[in-house]
Trainee: 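I'd like to ask some things about the structure below.
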Amino acid sequence: MTAPTPAPTPAPTPAQLAAIPAERIPALLQAMPKAELHLHIEGSLEPERIFALAQRNGVSLPYPSVEALRAACAFTDLQSFLDIYYAGASVLLTEQDFHDMAWDYLIKAQADHVVHVEVFFDPQTHTARGVPFEVVIRGLKSACDRAERELGVSAALIMCFLRHLSGDDASRTLDEALPFREMFIGVGLDSSERGHPPEKFARVFARCRELGLHLVAHAGEEGPPAYIESALDVLRVERIDHGVRCLEDPALVARLARDGVPLTVCPLSNVKLCVFPDLAHHNLKALLAAGLKVTLNSDDPAYFGGYINQNYLDTFAALKLDVVAAYTLARNSLEASFVSEARKAAWVDDLNRVFRAFAQASAN
Ligand code: ADE
Ligand code: ZN
């Protein structure tokens, strides 16, 4: 006879959420289980690791020291960041390098109570330097598998196409990736947004769709709301990465809300890349108020001043967000992930238990 499955933990009631005092919010943000859905693994390379890999591989860098690299990280826009980000990634040569980079990140994700992460990687940044696709994906995948076994963190890979390159280049990258189809769950679109509309990638995304891959794209970070619309209509993506500029188009906001399209928002990134002057002027609160399915993420944490919990902590402090927002954002992140409904339900159950425990402790 099989044991009966335990009844699911109900979501915390409004009264329970209201019982948790504001001073408990930082601890709650740390403790709550969450998914990270917008994380470029090359953007998790800390300067110390970049210099250690440069030495290990005999690669010379355009910066004399860790301090000089850190000092160069005063970005004015997306492109000024990407120039440094691609230089940092040039130290990655071997399968072990890719494994080590991902493992560094996954340990930090576990400490932040990330239960699931969908990791972006940029194969063209590496294959253009002569690093075989197979080296990149095997190194990353072995770290993801190890995280599941040793850390209890679920990790999946999303291959991004660089939008400053051509659609044909993206198609050739997809050809190279096909023998490893089972090692990644989806494709995305990143790099320089302005002047590179989603339409450039219509053909390759159509192929990916036929292959049953999940589809996401950066849109509306620096680019106009029209790019969000064409990412949905032309590329047929399931999530929008960033998407913060959607608020400039009320009809688009209504559509995103109606269809429950998740936005993977990255507040520290947006400030570092001058999309907003500071966190207090970030539009996250307005996005939530518009009923959008917002998630919080770190983007390129080594370059932008913090990992996922730092994004939560700093944003909640700057915008004075409440316990309801904490629950909503964590739950959105779990629900917007590309895992089975059963796995989502199990994590939502854990989330409900954490919030109920905080409410209970506050009542005592
Ligand atoms: N690649 C790494 N981080 C990115 C970002 N924030 N936008 C576009 N491409 C990226
Ligand atoms: Zn990004």
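Computed from heavy atoms alone, side chains included, the values below leave out hydrogens, waters and symmetry copies. Indexing begins at 1, ligand by ligand and atom by atom, following the structure's order.
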Trainee: Return the closest protein heavy atom for atom 6 (N) of ligand 1 as residue, atom name and distance.
Mentor: Asp299 OD2, 2.7 Å
Trainee: Looking only at the aromatic ring of each residue, does the gap between the centers of His218 and His242 stay below 6.0 angstrom?
Mentor: yes
Trainee: What atoms of ligand 1 come within less than 4.0 Å of a heavy atom belonging to Phe81?
Mentor: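 In order of numbering, the contacting atoms are 2 (C), 3 (N).
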Trainee: So which bit of Glu42 gets within less than 4.0 Å of ligand 1, heavy atoms only: side chain, backbone, both or neither?
Mentor: neither
Trainee: Which atoms of ligand 1 sit under 4.0 Å from any heavy atom of Glu221?
Mentor: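 Going through ligand 1 atom by atom, the ones under 4.0 Å from Glu221 are 5 (C), 6 (N), 7 (N), 8 (C).
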Trainee: Using a strict cut-off of 4.0 Å, indicate which atoms of ligand 1 neighbour a heavy atom of His218.
Mentor: 5 (C), 7 (N), 8 (C)
Trainee: Quick one: does Gly43 get a heavy atom under 4.0 Å from ligand 1?
Mentor: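 For ligand 1, residue contact (heavy atoms, under 4.0 Å) with Gly43 is absent.
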Trainee: I'd like to know if the side chain of Lys293 and the backbone of Ala336 have a donor-acceptor N/O pair within less than 3.5 Å.
Mentor: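 Not at all, since once roles are kept as given, no pair shorter than 3.5 Å links the two residues.
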Trainee: Distance under 4.0 Å to a non-hydrogen atom of Leu82: what atoms of ligand 1 satisfy this?
Mentor: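 Those of ligand 1 that fall under 4.0 Å from Leu82 are 1 (N), 10 (C).
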Trainee: Within ligand 1, which atoms have a heavy atom of Asp300 less than 4.0 Å away?
Mentor: 2 (C), 3 (N), 4 (C), 6 (N)
Trainee: Ignoring hydrogens and angles, state whether a donor on the side chain of Tyr86 or Ser191 is under 3.5 Å from an acceptor on the partner side chain.
Mentor: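 Judged by distance alone, the side chains do pair up.
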Trainee: Give the cluster check for Tyr227 versus Val187: same hydrophobic cluster or not, with ILVMFWY residues linked at side-chain heavy-atom distances below 4.5 Å.
Mentor: no
Trainee: So Glu221 and Asp241, side-chain contact (heavy atoms from CB on, under 4.5 Å) or not? Walk me through it.
Mentor: CA-CA 8 Å; Glu221 176 186 18; Asp241 295 314; over 6 Å; no
Trainee: Considering all heavy atoms of both residues, which atom of Val265 and which atom of Leu287 are nearest to each other, and what is their separation?
Mentor: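 Closest approach of Val265 to Leu287, heavy atoms only: CG2-CD1, 4.1 Å.
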Trainee: Rounded to the nearest 0.5 Å, what separation is found between the CG atom of Asp299 and the NZ atom of Lys272?
Mentor: 13.0 Å
Trainee: Under 2.8 Å from the Zn ion (ligand 2) - does any N, O or S atom of Cys266 fall there?
Mentor: no
Trainee: May I ask you to check whether Phe276 and His281 place their ring centers less than 6.0 Å from one another?
Mentor: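 No, the ring centres sit 6.0 Å or more apart.
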Trainee: For Asp122, which part has a heavy atom under 4.0 Å from ligand 1: side chain, backbone, both, or neither?
Mentor: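 The answer is neither.
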Trainee: Throw together a table of side-chain donor-acceptor distances under 3.5 angstrom for residues 202-213, partners on residues two or more places apart or in other chains.
Mentor:
residue : atom : partner : partner atom : Å
Arg207  : NH1  : Ser171  : O            : 3.4
Arg207  : NH1  : Asp175  : OD1          : 3.2
Arg207  : NH2  : Asp175  : OD1          : 2.8

Trainee: What is the nearest protein non-hydrogen atom to atom 9 (N) of ligand 1, stated with its residue, atom name and distance?
Mentor: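 Among all protein heavy atoms, the one nearest atom 9 (N) of ligand 1 is Ser191 N, 2.8 Å.
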Trainee: His38 versus ligand 1: do any nitrogen or oxygen atoms come within less than 3.5 Å of each other?
Mentor: no
Trainee: Among all the protein's non-hydrogen atoms, which is closest to atom 1 (N) of ligand 1, and how far away is it?
Mentor: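 Minimum-distance protein heavy atom for atom 1 (N) of ligand 1 reads His40 CE1, 3.5 Å.
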Trainee: Could you tell me whether Glu193 approaches ligand 1 through its side chain, its backbone, both or neither, with non-hydrogen atoms closer than 4.0 Å?
Mentor: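 Glu193 to ligand 1: no contact under 4.0 Å from either part.
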Trainee: Can we say Glu148 and Arg343 salt-bridge, meaning some charged N sits less than 4.0 Å from an Asp/Glu carboxylate O?
Mentor: yes
Trainee: Report yes or no: does Phe120 have a heavy atom closer than 4.0 Å to ligand 1?
Mentor: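 No, that is not the case, since the closest heavy atom of the residue is not under 4.0 Å from the ligand.
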Trainee: Examine ligand 1 and decide if any of its atoms is less than 4.0 Å from a heavy atom belonging to His242.
Mentor: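 It does; at least one heavy atom falls under 4.0 Å.
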Trainee: Between Asp97 and Thr94, do the side chains contain a donor N or O and an acceptor N or O under 3.5 Å apart?
Mentor: yes
Trainee: Please report, to 10°, the angle around the Zn ion (ligand 2) from atom OD1 (Asp299) across to atom NE2 (His40).
Mentor: 90°
